[in-house]
Student: 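Before we start, here is the structure in question, set down as structure tokens.
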Amino acid sequence: MALEDEQEALLPGSGGSPSSREPRPQMAAICDPSRFAHRVVVLMLMCFLGFGSYFCYDNPSALQTQVQLDMKVNTADFMQLYAFYSWPNVVLCFFGGFLIDRVFGIRLGTIIFSLFVCAGQVIFAAGALFNAFWLMETGRLVFGIGGESLAVAQNTYAVSWFKGKELNLVFGLQLSMARVGSTVNMNVMGLVYERIKDAMGSAGHTTLGITLMIGAITCLFSLTCALVLGYLDKRAEKILKKEQGKTGEVIKLTDVKDFSLSLWLIFLVCVCYYVAVFPFIGLGKVFFMEKFQFSPLQAGAINSVVYIISAPLSPVFGFMVDRIGKNIIWVMCAVVTTLAAHLMLAFTLWNPWIAMSLLGVSYSLLACALWPMVAFVVPEHQLGTAYGFMQSIQNLGLAIIAILAGVILDSRGYLFLEVFFSSCICMAIVAVFMLYFVNHLRGGDLNLSSWERERLQKQAAIEYWQRFGCSTCPLRPKCCRLLNPVLVGKCGDLTLFGAIIMLELVDQGTRAEQPEQCDFLFINIVNYTCC
Amino acid sequence: MCAAIWLQLLLAVVAALGTREDKETRQIYLQFNPGFSNSSVNLLHTRAVGNGSTIHYIWSTIGAPTVLLIYTEDEHSELRINWTKLLSADPSGAITMDPADSVLYSTALAFTRIFEYNDVNNTANFSGTAERYFYPAYDLSNFVWENANNTLNSSSFSFRLSGVDASDPTGSFRNGSVSFRVSAYDRPGRDTSAPRLLHTANCTKLEFSISGVQPRGNQSRFAVEMVTLEKKSGCKTLRSVRSIDDEYTPTIFKMMELVPNSPNASHAQGYFQWKSVAYGSVNGTRSNSLPCVVYDPKGVNGTLSVPHIIQAFYGEQLIHQYNMEVLNVSFGIAEGDFYDKNMFLGWSALVGYGLPPRDSFSILVICIMAVALGTPLLLLIVGAIVVSFKKKSAYSSYEPIN
């Protein structure tokens, strides 16, 4: 049995390597899926795949005054537009991966999700055209069904095309593109509305509808990208004999009962933090106009500062947190800084650029330090469930708080709203502190520096291997597939230990899959264990 | 234990806040046409007595609707009205105070005209709108006012002056009216209706409203003109107080105050205060709020006829000792709704003596912040203690090696 596994690992192509030895017709670099030039084209398509959905997600925020005036709704109803986006995702987070892997496949899945996004935005715009707010809400619901799952599909594509190559860079670029979409939206939609109003001579729900229809063009564009990408992926599959990309996500809801206290605390931080950021940005534009007397243009610009800052900072912080470790401390810094930013917005009349910049920096830092923590407290086979759960809870929180924020604003005003957001952040701080202490008392490795973590992992691997040997190792199939066959033969039971280190290397970047490095490692291991 | 400490802390905060507030109360007396049995004219006399002083407010619709604010350092100062003189063409000296030397301060505010203009470009730019877009202004001194005695409510110390244009050539007032609802207060507090102004016992509130009046265009906006006066040594200045607190009037951060700017003011003086918002409905929700804009007061040139009641109280002194100023408040915002959407416009302001009341954070906000910020700190301390304790016990469990 074990031998079969190893045999399987030896088959060419099954390891995801694109360098198939079969002879292929020569083609131009840009058309050859195994060449860099072609991958650049694919990368661009992948980046624009999410552009439409990120552009349209914050349409309501960019046009808040217009929506409220033209559709004659109060803020609580307005915030329903955000809540309706979140509702389907409370459930869909669990199924996005499943749908892609088992039902549609990545290509069809991406196209279907893009269609949902498109249809959602068109329904949303039609709601404005026909002056039916319920239709707009329906549109956001449909949009939400597609939006979040599209992001999963986008990541899966990235992994399937760039694993072992420029993957981190690709993730970074995709994220930056998302932020660019949001930023462009914040700064442009107001202007588009003005232009159309001038052209039509008056403002009204028709003006709003046409503006949103123009927004839908970005979704159409993204849909086109999905179609082209689907074609190219199919073609690459034929030429390179590569598998269709999979999320590899396994969701088992019964895993929930095994979740540790630390994981629940991480969820709590996640919910409390994000509900104080996204609903705030949703209401931000009008806040800056009403409290700080900014022009609509300025208000839109400052409301997009968080996104602008996070575009370049996310990769930097990601690198930094990776290298230094100490995740809890970073999360603490991020949450406390966010609290400071909210307190500034609530209790001072200082220029909001300061507070928003702080918010942007801390938001980027938190994203880089919080999400990877899940991997430290959850065994690998439960990771999919844990992340699904985290996103689900986050969406639930966002939906509820979005509505609540609208109600609070209408009845109690901005000061109270900011106080409310600050309390949410304070709750996040409480959760981080508890996480720190729990981790400290139980000797968890959430807050280790990265070198300590490395040392511990090696130690654990040795202990495990010394106690059980290789045959019972849960990682065995993976390790057999990863390891160079020569080495497997040479080292026998030592494979587990090597595999763990290899996995780590794969996770950290792209340095693995080089036999000479493995050799070096194994020599070291042998030396080490012998001593 | 922790909870108890917190509760005590909260109580202390609440107590501190409670004592800080101005608890001054006054006795309110409200009288309709004192010493005159005819109810064809309206003159309402409100006396707020307490703390060794009396604040008189005299509201009248004889001539343009006017309020006189007279502060006397005497709990027994009385108003004397010579009715025959008051109703004559020259009312100078018809209204006096007894004893006259108890009057420490007085001022007046008269509502003289209501402007209506056609906001063709929907810019709500009242001062920049060309003359030709203005409809003839409503002169409030030509209005016919209802008998206010029927609206008098002696338990809430309030009454309503409501009137319609006497000539009304366009029939605009067939179903509508302009009205002033006035309430006096005997203790500090806060209104329950929007914009929920904070008041003391030293002020009264007026709610100016134009309701049901047919606008003369479907893009009509309104503005109101007021006349006020101050001793020659000073003049009224407009102060805009920007606050961070909009808990009581959501999204409105600006408070406007019209206060005397006299260089050697030895004591507090009269003020006129409002939030820069009006409402398009009676219950005043955020969705139909209309920002209002006030324009700097200008000195009156000789052409303006002096409002009747002001003439009656100040008489001959007026020209020599007082500066009269006129100021406009316009309602509406660019791109906002026009009057014809709701057919209602309501605007509230306070007229009072002393220092204008200032909003402070509500106890609820302070409590929430205290709990929100306090809990993490508490947790940090408790956590640190627990962790250090555990560590100590962990270390002490090690046995010495030999």
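We name chains A, B, ... by the order of the sequence lines, and we start the count at 1 in each one.
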Student: Using only the distance criterion (under 3.5 Å, no hydrogens considered), which donor-acceptor pairs connect chain A with chain B?
Tutor:
{"residue": "T75(A)", "atom": "OG1", "partner": "R286(B)", "partner atom": "NE", "Å": "3.4"}
{"residue": "T75(A)", "atom": "OG1", "partner": "R286(B)", "partner atom": "NH2", "Å": "2.7"}
{"residue": "K197(A)", "atom": "NZ", "partner": "E335(B)", "partner atom": "OE1", "Å": "3.1"}
{"residue": "K197(A)", "atom": "NZ", "partner": "E335(B)", "partner atom": "OE2", "Å": "3.0"}
{"residue": "K291(A)", "atom": "O", "partner": "R242(B)", "partner atom": "NH2", "Å": "2.9"}
{"residue": "D410(A)", "atom": "OD1", "partner": "R286(B)", "partner atom": "NE", "Å": "3.1"}
{"residue": "R412(A)", "atom": "NH1", "partner": "E247(B)", "partner atom": "OE2", "Å": "2.6"}
{"residue": "Y414(A)", "atom": "N", "partner": "D246(B)", "partner atom": "OD1", "Å": "3.1"}
{"residue": "Y414(A)", "atom": "N", "partner": "D246(B)", "partner atom": "OD2", "Å": "2.6"}
{"residue": "L415(A)", "atom": "N", "partner": "D246(B)", "partner atom": "OD1", "Å": "2.8"}
{"residue": "H440(A)", "atom": "NE2", "partner": "K391(B)", "partner atom": "NZ", "Å": "3.4"}

Student: Side chain, backbone, both or neither: which part of A346(A) has a heavy atom under 4.5 Å from chain B?
Tutor: backbone
Student: Which residues satisfy the ring pair (Phe, Tyr, Trp, His ring centres under 6.0 Å) test with F278(A), sequence neighbours excluded?
Tutor: Y274(A), Y363(A)
Student: For residues V387(B) and F437(A), determine if any side-chain heavy atom of one lies less than 4.5 Å from a side-chain heavy atom of the other.
Tutor: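 In short, these two side chains touch, coming nearer than 4.5 Å.
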Student: Can you tell which part of L343(A) gets under 4.5 Å to a heavy atom of chain B, answering side chain, backbone, both or neither?
Tutor: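 Only the side chain of L343(A) comes within 4.5 Å of chain B.
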Student: With a 4.5 angstrom heavy-atom cut-off, could you sort out which part of L441(A) is near chain B: side chain, backbone, both or neither?
Tutor: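 Contact with chain B: side chain only.
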Student: Answer with side chain, backbone, both or neither: which region of L339(A) has an atom nearer than 4.5 Å to a non-hydrogen atom of chain B?
Tutor: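 For L339(A), the contact with chain B is made by the side chain alone.
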Student: Verify whether the ring centers belonging to F292(A) and F253(B) lie closer than 6.0 Å.
Tutor: no
Student: What option among I368(B), L380(B), V365(B) has the most heavy-atom pairs under 4.5 Å with chain A?
Tutor: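 So the answer, after comparing I368(B), L380(B), V365(B), is L380(B).
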Student: Working to the nearest 0.5 Å, report the span between CG of L69(A) and CD1 of I333(B).
Tutor: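 So the CG of L69(A) and the CD1 of I333(B) are separated by 9.0 Å.
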Student: Under the side-chain contact (heavy atoms from CB on, under 4.5 Å) rule, what do L364(B) and F416(A) come out as? Steps first, then yes or no, please.
Tutor: CA-CA 9 Å; L364(B) 186 61; F416(A) 208 87; 3.6 Å; yes
Student: What closest approach, in Å, do C426(A) and P376(B) show between heavy atoms, and which atom pair accounts for it?
Tutor: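 Shortest heavy-atom separation between C426(A) and P376(B) comes out as O-CG, 3.9 Å.
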Student: Check step by step if side-chain contact (heavy atoms from CB on, under 4.5 Å) holds for L379(B) and I429(A).
Tutor: CA-CA 10 Å; L379(B) 184 74; I429(A) 294 183; over 6 Å; no
Student: At a 4.5 Å cut-off on heavy atoms, which part of M427(A) comes close to chain B: side chain, backbone, both, or neither?
Tutor: neither
